[in-house]
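Reading through the structure tokens given below for one structure.
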Amino acid sequence: MGERRKKVNDGERSLIKAPSNASINSQAVPANAATATSTGDLEREARKQFQQDVTPAFVYVLAAFSALGGFLFGYDTGVISGAMLLLKREMNLSALWQEVLISSTVAAAALSALAGGFLNGVFGRRVCILLASFTFTSGGIVLSVAPDKEVLLVGRLIVGLGLGIASMTVPVYIAETSPPHLRGQLVTVNTLFITGGQFTASIIDGAFSYLRHNGWRYMLGLSVVPAVLQFVGFLFLPESPRWLIQKGLTQKARRVLSQIRGNQNIDEEYDSIKNSIEEEEKDCGGDGPVIWRMLTYPPTRRALLVGCGLQMFQQLSGINTVMYYGATILQMSGVRDDKLAIWLAGVTAFTNFLFTLLGVWLVERVGRRKLTLGSIIGTCLSLSLLAIGFLLSAQHTPPVTLHPTDPSIVNSTCNRHLLCEPCMLDPACGFCYRENSTALFASSCVPVNTASTEKAAWGRCSNSTQLRVHTYWAYNYCPTSYSWVVLLGLVLYLAFFAPGMGPMPWTINSEIYPLWARSTGNACSAGVNWTFNFLVSLTFLHVAQNLTYYGAFFLYSSLALLGFFFIYGCLPETKGRRLEEIESLFDNQLCSCGLLWIRVSAK
Ligand SMILES: O[C@H]1[C@H](O)[C@@H](O)[C@H](O)[C@@H](O)[C@H]1O
């Protein structure tokens with residue numbers, strides 16, 4: 001892809017007056033600076049200390065405005081499930097149209113993330129963020145005024161295009177503008193915004209679900225607010241200094257760097273970026289598209305494998321099955337009021353958000369490698385616990401005791417099921433039962449109402465008045481006394497996944513590629529993330545039908561275990577290193593960092 005690099009113009013540097021060091025208070029010099037041998041060393045130490053202590057507020061402003069892209073990522077992927085409940089009634093959507101409207105956005109995001117690599121290289125990070133927020137705004141407007149399902153589809157595709165570009169550009173922009181000691185934390189804030197967006201979407205879904213007519217227009221259209229905010233903000237925010245240096249716009253780069261470092265001395269940082277670009281120019285050699293150069297140059301090939309592998313295992317650990325079907329899983333744990341279902345999704349989203357906050361706190365304390373390893377092993381174990389909960393529920397599933405005689409059941413598959421478990425796994429049927437304080441009785445397996453899965457096609461469970469008095473309709477779940485195991489599994493899953501496996505793939509990808517390969521590397525790995533998101537969420541219900549719920553969660557658990565071995569062997573620690581130094585971590589043979597780690601720990 002066309003990431004061109006121009007020669008850096010040395011002459012420009014001397015035109016700019018370096019900021020004075022006079023503001024550095026001698027008291028800021030650390031104790032160990034006494035061992036420094038020359039005044040130069042002393043000065044550098046002092047500067048480092050000063051720069052670490054006083055982080056200019058502008059860096060936070062940049063990170064917050066960029067992370068609005070993460071918020072829109074979370075909002076637009078999260079809001080659709082609640083909007084769909086209203087849309088399917090109002091527009092009479094078939095199951096196929098519902099699936100198309102949900103997954104078209106994710107598929108469009110996968111494609112545009114790949115294209116985003118090219119756009120980032122040629123036009124820069126800032127223009128791409130402006131483009132993404134413009135796309136989000138247009139998509140939001142189209143969705144909120146859509147007269148029919150075809151226009152809705154166009155709106156969903158436009159939003160997907162914005163998502164792909166934002167998801168790959170924002171982490172890169174934040175990483176490139178942050179000081180090394182804050183980089184991990186600030187990029188992780190972007191994932192915090194993603195989960196915050198998902199949580200906000202569930203609240204908005206809950207609030208507008210009472211507006212039966214046109215409520216979905218507000219749900220889908222409200223994303224315009226943060227999108228416009230980001231667009232306006234970025235009209236005033238600067239381009240990434242690293243991209244500017246790469247393009248030979250050195251004078252502008254120095255200005256931006258000094259602005260985002262609060263007029264501290266930026267010589268050292270500037271020189272280090274410039275030198276590393278010159279080094280890279282010699283090292284990576286060869287011509288041809290960036291992706292080809294990445295694949296033929298061993299360090300970037302390894303980094304790409306690690307980056308894409310992390311994104312793949314993030315999605316294979318099943319986060320989006322939990323995010324999209326969380327309400328059903330929670331229903332199994334005893335809350336049966338259907339009206340609550342939409343709010344329950346909010347509980348899952350909030351837990352995900354809360355534990356991502358823990359990740360922001362941990363990332364610079366324990367480092368990326370340990371955090372990701374701890375997270376994936378916990379994820380793997382809690383997925384097994386979820387599976388065990390489903391297994392116990394399936395083994396103790398209640399029997400069907402009533403066999404209704406309505407003529408339409410003769411042609412339906414529902415009258416073949418003798419237990420609740422196969423009945424609820426059959427998408428055409430649901431379990432209708434009565435319950436007193438001690439036991440469940442008068443249970444039947446009957447066809448679902450095709451217009452709304454909230455009730456049966458006929459009989460006791462098709463009647464909303466009856467459904468209020470001790471008669472229950474269970475679609476997608478079975479009443480069980482092992483629900484607490486499932487609930488515990490779910491909470492532990494989010495507690496382990498959200499601080500590590502949720503944010504780290506994005507954070508690590510923003511750091512591991514040299515500048516010439518950064519946008520292409522992030523485009524590929526974000527493309528892998530969206531592709532596996534699409535595959536896993538689209539196949540979840542089919543996988544559950546064929547392997548049962550516990551089979552599905554055992555499968556995700558085994559995939560997470562595989563992910564653990566991959567991360568253990570292949571992921572080096574990038575904490576505290578300058579972006580320019582990170583390439584050297586991939587100099588060693590592929591996936592030998594597990595061995596290195598053992599050696600270092602043994603010393
Ligand atoms: O990192 C994010 C986050 O964990 C979200 O909750 C999830 O929905 C996304 O797919 C993932 O990429």
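We count ligands from 1, going down the list as the structure has it; atoms in each ligand are counted the same way. Because the structure is a prediction, the values reported are computed rather than measured. Sequential numbering from 1 along the given sequence is applied to the chain's residues.
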Quick check: F553 with F390 (ring centres under 6.0 Å apart)?
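Ring-ring flag for F390/F553: true, centres closer than 6.0 Å.
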Using the ring centroid of each side chain, check whether F118 and F123 are separated by less than 6.0 Å.
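No: the rings miss the under 6.0 Å criterion.
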With a 4.0 Å cut-off, would you call K575 and E364 a salt bridge?
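No, this pair does not count.
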Kindly indicate whether the side chain of V79, heavy atoms from C-beta on, has any atom under 4.5 Å from the side chain of D205.
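A side-chain contact under 4.5 Å exists here.
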Do T379 and Y556 come close enough that some side-chain heavy atom pair is under 4.5 Å?
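Answer no - side chains too far apart.
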Show the distances, to 0.1 Å, for all pairs joining an N/O atom of ligand 1 and a protein N/O atom that are shorter than 3.5 Å, listing one pair per line.
residue, atom, partner, partner atom, Å
ligand 1, 1 (O), Q314, NE2, 3.0
ligand 1, 1 (O), G502, O, 2.8
ligand 1, 1 (O), W506, NE1, 3.1
ligand 1, 6 (O), Q198, OE1, 2.9
ligand 1, 6 (O), N352, ND2, 3.0
ligand 1, 8 (O), Q198, NE2, 2.8
ligand 1, 8 (O), N320, OD1, 2.7
ligand 1, 10 (O), Q315, NE2, 3.0
ligand 1, 10 (O), N320, ND2, 3.0
ligand 1, 12 (O), Q314, OE1, 2.9
ligand 1, 12 (O), W506, NE1, 3.2

Within a reach of under 6.0 Å around OH of Y550, are more than 12 heavy atoms found that belong to other residues, nucleotides or ligands?
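Counting other residues, nucleotides and ligands, OH of Y550 stays at 12 neighbours or fewer.
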